[in-house]
Amino acid sequence: MNNLLAPLQSLTKGNWFKLICGASFQHLPTVRSLTIAYTLAGADCIDVSADPAVIAAVQEALQVAKSLTSDAQERGFNYKGNLPFLMVSLNDGEDPHFRKAEFDQTQCPQTCPRPCEKICPAQAIIFNRTKDNFSGVESQKCYGCGRCLPICPYDIIYTKSYISTPTAIAPLVISTGVDALEIHTKVGRLAEFQQLWQVISPWAAQLKLLAISCPDGEGLIEYLQSIYNLISPQSQQIIWQTDGRPMSGDIGDGTTLATVKLGQKVLAANLPGYVQLAGGTNRYTVAKLKAMGLLNSADQAGTNRHYIAGVAYGSYARVLISPIIEQLETKEVNPNNLKANIHLEEEPELLWQAVELAHSLVSQIKSQQER
Ligand code: SF4
Ligand code: SF4
């Protein structure tokens, strides 16, 4: 195990932590800050949109985090300077992870109390922004959760879906040093998956990891088995990501149950590779997994027992850090500030508060670490 890269070791140990920045989340300053905070807190993987600008922002942030290794250690964090895997998400068909909300704000009645603004977990809905008077959905921040759609009393919010273009992404895998790919699919889309795989497979051997993300559906296990038969000639490690209740982890405690149950179902199918939860994960996920005996606890290590290899956190992880991001943004719009963008590492107090918050989540799965 010692020859494995640190993130792969985490998978084998069963304490893998993935941060999901969002397959359609493209707000570069936020992606940068999240990457720094969660890397210093010990994350194994940063999963981002297949957008060259986002990939570049994450790569820069990873180097910033690495340069802060000794500062982190001085503050008692266990970060050893390892770089988490950089994972990029693609989809083989229409998927809520790959959509953006839109509306024409000129259609909003003056009297509307703007419930859309309050419900958006990404603060993507803005009215009369100070610097440019913008009103509407800030596309880069919207990650397609859909919560604003039913709440609009005038039904004027809609979404636009898009499918990533794998032919454009494949060369990126080579040229930018992306470590891992995640393919979002659904039961019944084998032909579409195959089409996408044909484009990716020439480059696949250069990846360290391949993740297949799929929600539950009738015939799920047979579908995943067919996918495995398609991709198995490749040598990289495989993660089966069980997308329980997509993009909902910050809504409430109970959202985690769907993904825990789905993880249990996929685990029982004994597919080659690792099983990792996502979709509805939050601060209760690890406790639930432990209670159900689904983690590789120290007393069960070495017994060849099947266990959940890790957990990916999306909206819950982002919302956890959002007070810090908001404070950073407030500093940016302060008229005394002459810089357009303030980087998180330039505000040490905020930086280490963010790392502490991120660590409170990462440490749940890495409980055997001291800090
Ligand atoms: S509520 Fe969700 S879908 Fe609507 S704007 Fe915000 S992030 Fe986008
Ligand atoms: S809820 Fe609908 S009508 Fe009201 S401000 Fe939001 S988008 Fe406009």
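For ligands, and for the atoms within them, numbers begin at 1 and follow the listed sequence.
- In summary, K13 and D44 do not engage in a salt bridge, as defined by a charged side-chain N under 4.0 Å from a carboxylate O.
- Listed by number with element, the atoms of ligand 2 under 4.0 Å from a non-hydrogen atom of P153 are 1 (S).
- Both the backbone and the side chain of C152 come within 4.0 Å of ligand 2, judged by heavy-atom distances.
- Under the salt bridge (Lys or Arg N to Asp or Glu O under 4.0 Å) criterion, the residue pairs touching residues 257-272 are D216-K265, with sequence neighbours excluded.
- Summary of contacts: the protein heavy atom closest to atom 8 (Fe) of ligand 2 is C108 SG, 2.3 Å.
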(message) Let's go through T285 and Y316 carefully: what are the C-alpha distance in whole Å and the side-chain angles of both, what is the deciding distance for side chain to side chain contact (heavy atoms under 4.5 Å, CB included) to 0.1 Å, and is it a yes or a no?
(response) CA-CA 11 Å; T285 307; Y316 185 82; over 6 Å; no
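- Remark: ligand 2 atoms within the under-4.0 Å shell around heavy atoms of P115 are 1 (S).
- In summary, the atoms of ligand 2 found under 4.0 Å from a heavy atom of R114, numbered by their order in the structure, are 5 (S).
- Between F127 and I125, some side-chain heavy-atom pair lies under the 4.5 Å cut-off.
- Shown in contact with C112 at under 4.0 Å from a heavy atom are these atoms of ligand 2, numbered in order with element: 1 (S), 3 (S), 4 (Fe), 5 (S).
- One N or O on the side chain of T259 and one on the backbone of A278 form a donor-acceptor pair closer than 3.5 Å.
- R99 is not listed as a side-chain neighbour of K160, based on a closest heavy-atom distance of 4.5 Å or more.
- Counted within 6.0 Å of CD on E326, heavy atoms from surrounding residues, nucleotides or ligands total more than 12; the atom is thus considered enclosed.
- Scanning all protein heavy atoms for the shortest distance to atom 7 (S) of ligand 1 gives Y143 N, 3.6 Å.
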(request) Mind running ring-ring contact (aromatic ring centres under 6.0 Å, His included) on Y38 and Y313 for me, showing each step along the way? (result) CA-CA 11 Å; Y38 278 95; Y313 298 85; 8.4 Å; no
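- Of the residues listed (N91, D92, D243), the one engaging T185 in a side-chain hydrogen bond (donor to acceptor under 3.5 Å, both in side chains) is D92, and it is the only one.
- Counting only protein atoms, the N, O or S atoms lying less than 2.8 Å from atom 4 (Fe) of ligand 1 are C148 SG, ordered by chain and residue number.
- With Y143 as the aromatic partner, R318 meets the cation-pi criteria of under 6.0 angstrom to the ring centre and within 45 degrees of the ring axis.
- Residue Y154 has at least one heavy-atom neighbour below 4.0 Å for each of these atoms of ligand 2: 3 (S).
- Listed by number with element, the atoms of ligand 2 under 4.0 angstrom from any heavy atom of F127 are 5 (S).
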